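Worksheet: the structure to be examined is printed underneath.
Naming: A, B, ... by sequence-line order, numbering from 1 per chain. In this text, all values refer to a predicted model and were calculated from it rather than measured experimentally.
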There are 2 protein chains.
Amino acid sequence: MADPRYRQIAEALRRQIEGGELRHGDQIPTELELREIYDASRNTVRDAVKWLIARGLVETRPGQGTFVVEKIDPFLTVVESVAGFGAGEGTASYASEVAAHRRKATVSDPRIEVHQADTYVAGELGLEEGALVISRAQRRYIDGTPWSLQTSYYSMRYVEAGARRLIEAVDMPSGVLNYLAEDFGIEQGTWRDRIVVRPPDGGEAFFFKLPDNGRIAVLEIHRTLFEKSGIPLRLTITTYPVDRNEFVMTGGETSL
Amino acid sequence: MADPRYRQIAEALRRQIEGGELRHGDQIPTELELREIYDASRNTVRDAVKWLIARGLVETRPGQGTFVVEKIDPFLTVVESVAGFGAGEGTASYASEVAAHRRKATVSDPRIEVHQADTYVAGELGLEEGALVISRAQRRYIDGTPWSLQTSYYSMRYVEAGARRLIEAVDMPSGVLNYLAEDFGIEQGTWRDRIVVRPPDGGEAFFFKLPDNGRIAVLEIHRTLFEKSGIPLRLTITTYPVDRNEFVMTGGETSL
DNA sequence: AACGATTTGTTCGTATGTATC
DNA sequence: TGATACATACGAACAAATCGT
């Protein structure tokens with residue numbers, strides 16, 4: 001009784017959704033019908049629907065109606081395999097992510113930029129702020145739907161040492177790390193991950209086709225990879241929409 | 001011009017907030033003042049404020065006003081240290097998380113329960129669904145504010161093998177893993193992490209004092225730790241409110 | 001292609017309740 | 001206790017999107 005009317009109506013609908021009476025994709029009663037069912041004004045039932053929207057339970061489609069949101073099949077992302085078998089690189093581990101669910105992964109050719117490192121990138125790569133870095137940004141899709149954005153930052157010193165393919169806008173299926181290891185003897189060592197959940201910016205919201213309902217977020221995994229010597233090799237920032245992914249990381253000592 | 005009035009007002013306020021004219025904690029104009037400033041009805045300016053609330057930019061306090069939300073100092077959580085130095089256990093790694101920022105960490109005594117494993121727990125621990133498991137649940141605080149909820153699940157076989165302290169409701173500062181290793185020779189091996197972002201349930205919202213504005217989420221890290229032999233040792237689920245944490249994980253091969 | 005019916009979106013007005021100082 | 005500020009609720013009108021005829 002203490003609860004306001006719009007909350008009572010919203011909770012009643014929520015019970016129907018979570019109880020299975022209204023299933024994913026179903027249309028819920030129209031505002032006019034809800035007005036009669038609960039004997040409330042249209043504005044009040046609209047407040048109830050807004051409360052459900054804010055919690056991601058329903059979505060409205062102008063001219064059509066209000067629908068229970070589709071549950072998205074979570075996709076399992078393997079971020080790391082067992083230590084000692086090497087940090088999975090680029091396309092290789094990405095393909096293995098997809099294999100588990102037999103979906104088709106595609107990767108855009110990288111967009112290459114050379115620019116000055118901001119405070120964060122410089123700090124992670126152990127460079128002076130403003131030092132030149134190469135960024136390689138790729139869009140990754142699964143079954144044609146946008147799945148993640150990935151940008152890797154490298155110090156210019158690898159290019160100066162001859163690794164010119166770093167600044168070529170071509171995907172390296174065998175991996176940048178293999179290229180650096182085989183041709184230049186640069187071996188990877190430890191890595192460090194940082195996980196951040198934050199609201200998306202406009203470009204991300206557009207790329208991931210995120211609804212503009214305020215309850216959305218993206219998850220970022222920042223991986224700083226070091227050379228065997230301990231020098232930072234690269235920083236990779238991968239951005240995922242939070243509603244489409246589960247992440248699995250494996251590591252630690254292994255008995256194999 | 002195409003945008004509705006409430007959006008225009010909301011965007012104007014958003015620019016003032018992000019541009020620094022309105023700072024964190026500041027009160028924004030009252031609804032009556034906004035009504036005069038933008039020459040709109042009270043309901044319209046309220047719609048604008050609701051839009052800002054949904055995006056986490058402001059919060060309302062009945063009887064007081066509407067305020068720009070305080071930016072929370074992100075706390076750096078070290079989830080894993082370098083492989084080969086062992087998966088950081090309970091209190092030990094938790095204390096090290098806190099040390100970096102000189103904050104005071106406290107942990108509640110665990111709430112112990114013996115119950116039947118559901119599908120997920122049974123699957124992770126390699127048990128039959130319905131098999132008996134021990135759960136040890138703790139609340140963790142930093143400087144007195146709730147910081148995370150942690151529940152660990154163990155198979156009953158460790159208790160049957162004599163590890164009776166597993167079912168005692170006392171915090172083990174030296175760690176459960178040390179106890180199992182030193183007294184019973186059970187050594188830890190690989191681990192696997194799963195990361196999930198989801199809406200909080202009622203208990204979590206209460207514990208973390210999360211505002212009921214629909215845009216909140218919690219981040220769960222599920223760590224399945226294996227014995228050296230490959231048998232699952234325990235499943236630990238740690239739940240964090242997403243607005244208070246950043247996570248750092250380190251691992252991989254090390255050159256030390 | 002045009003139209004009408006349906007449904008949600010926006011905006012206003014108004015009244016009353018509740019929380020805080 | 002009164003003043004201020006946000007919360008809830010109702011009614012009304014028109015706009016915009018969608019769909020079927």
Polar atom pairs (N or O), protein with nucleotides 13-21 of chain D, under 3.5 Å:
none

**Prompt:** Whole Å only: how far is the CZ atom of B:Arg5 from the P atom of C:dT10?
**Reply:** 13 Å

**Request:** Would you verify whether the NZ or CZ of A:Arg61 falls within 45 degrees of the ring axis of A:Phe67 while also being under 6.0 Å from that six-membered ring's centre?
**Result:** yes

**Message:** If you compare every side-chain N and O of B:Thr60 against the phosphate oxygens of D:dA5 (OP1, OP2), does one of them come in below 4.0 Å?
**Reply:** no

**Request:** Could you list the residues that satisfy side-chain hydrogen bond (donor to acceptor under 3.5 Å, both in side chains) with B:Asp243, not counting sequence neighbours?
**Result:** none

**Prompt:** Considering residues, nucleotides and ligands other than B:Arg198, do more than 12 of their heavy atoms fall under 6.0 Å from its CZ?
**Reply:** yes

**Message:** Could you tell me how far apart B:Arg46 (CZ) and C:dT10 (C1') are, to the nearest whole angstrom?
**Reply:** 16 Å

**Complete:** Between CG of A:Asp47 and C1' of D:dC6 the distance, given in whole Å, is 14 Å

**Message:** For DNA chain D, which residues of residues 22-39 of chain A approach it to below 4.0 angstrom with any heavy atom?
**Reply:** none

**Item:** N or O in side chain of A:Thr44 less than 4.0 angstrom from D:dA9 OP1/OP2
**Value:** no

**Message:** I want to verify a distance call: between D:dG11, C:dG13, D:dT8, whose nearest atom is closest to the B:Asn43 side chain?
**Reply:** C:dG13

**Asked** Does the side chain of A:Leu13 come within less than 4.5 Å of A:Leu34's, by heavy atoms?
**Response** yes

**Message:** Given 3.5 Å as the limit, does a donor-acceptor pair link the side chain of B:Arg234 with the main chain of B:Arg223, or not?
**Reply:** no

Scan the side chains in residues 46-57 of chain B for donor-acceptor partners under 3.5 Å anywhere in the protein, sequence neighbours excluded, and list what turns up.
| from | atom 1 | to | atom 2 | distance (Å) |
| --- | --- | --- | --- | --- |
| B:Arg46 | NH1 | B:Glu31 | OE2 | 2.9 |
| B:Arg55 | NH1 | B:Trp51 | O | 3.1 |
| B:Arg55 | NH2 | A:Asp212 | O | 3.0 |
| B:Arg55 | NH2 | A:Asp212 | OD1 | 2.8 |

**Item:** Value in whole Å for how far the P atom of C:dG9 lies from CD of A:Glu59
**Value:** 11 Å

**Request:** Using a 3.5 Å limit on both pairing distances, list the dot-bracket string of DNA chain C from the 5' end; Watson-Crick and G-U wobble pairs count, crossing pairs take [ ], interstrand pairs take |.
**Result:** .||||||||||||||||||||

**B:Tyr120 atom OH, over 12 foreign heavy atoms within 6.0 Å** = yes

**Request:** Write down the distance between CD1 (A:Ile9) and C1' (D:dA9), rounded to a whole number of angstrom.
**Result:** 10 Å

**Item:** Other residues, nucleotides, ligands: >12 heavy atoms within 6.0 Å of B:Arg14 CZ
**Value:** yes

**Residues which pass side-chain hydrogen bond (donor to acceptor under 3.5 Å, both in side chains) with A:Arg15, listed by chain and number, not counting sequence neighbours** = none

**Asked** Roughly, in whole Å, what's the span from CD1 in B:Ile53 to P in D:dT8?
**Response** 10 Å

**Most 5' of A:Arg7 and B:Gly65 on DNA chain D, judged by nearest nucleotide** = B:Gly65

**Request:** Give a yes or no on whether B:Asp39 atom CG has more than 12 heavy-atom contacts from other residues, nucleotides or ligands under 6.0 Å away.
**Result:** no

**Prompt:** Do A:Gln150 and A:Thr238 have side-chain N/O donor and acceptor atoms under 3.5 Å apart?
**Reply:** yes

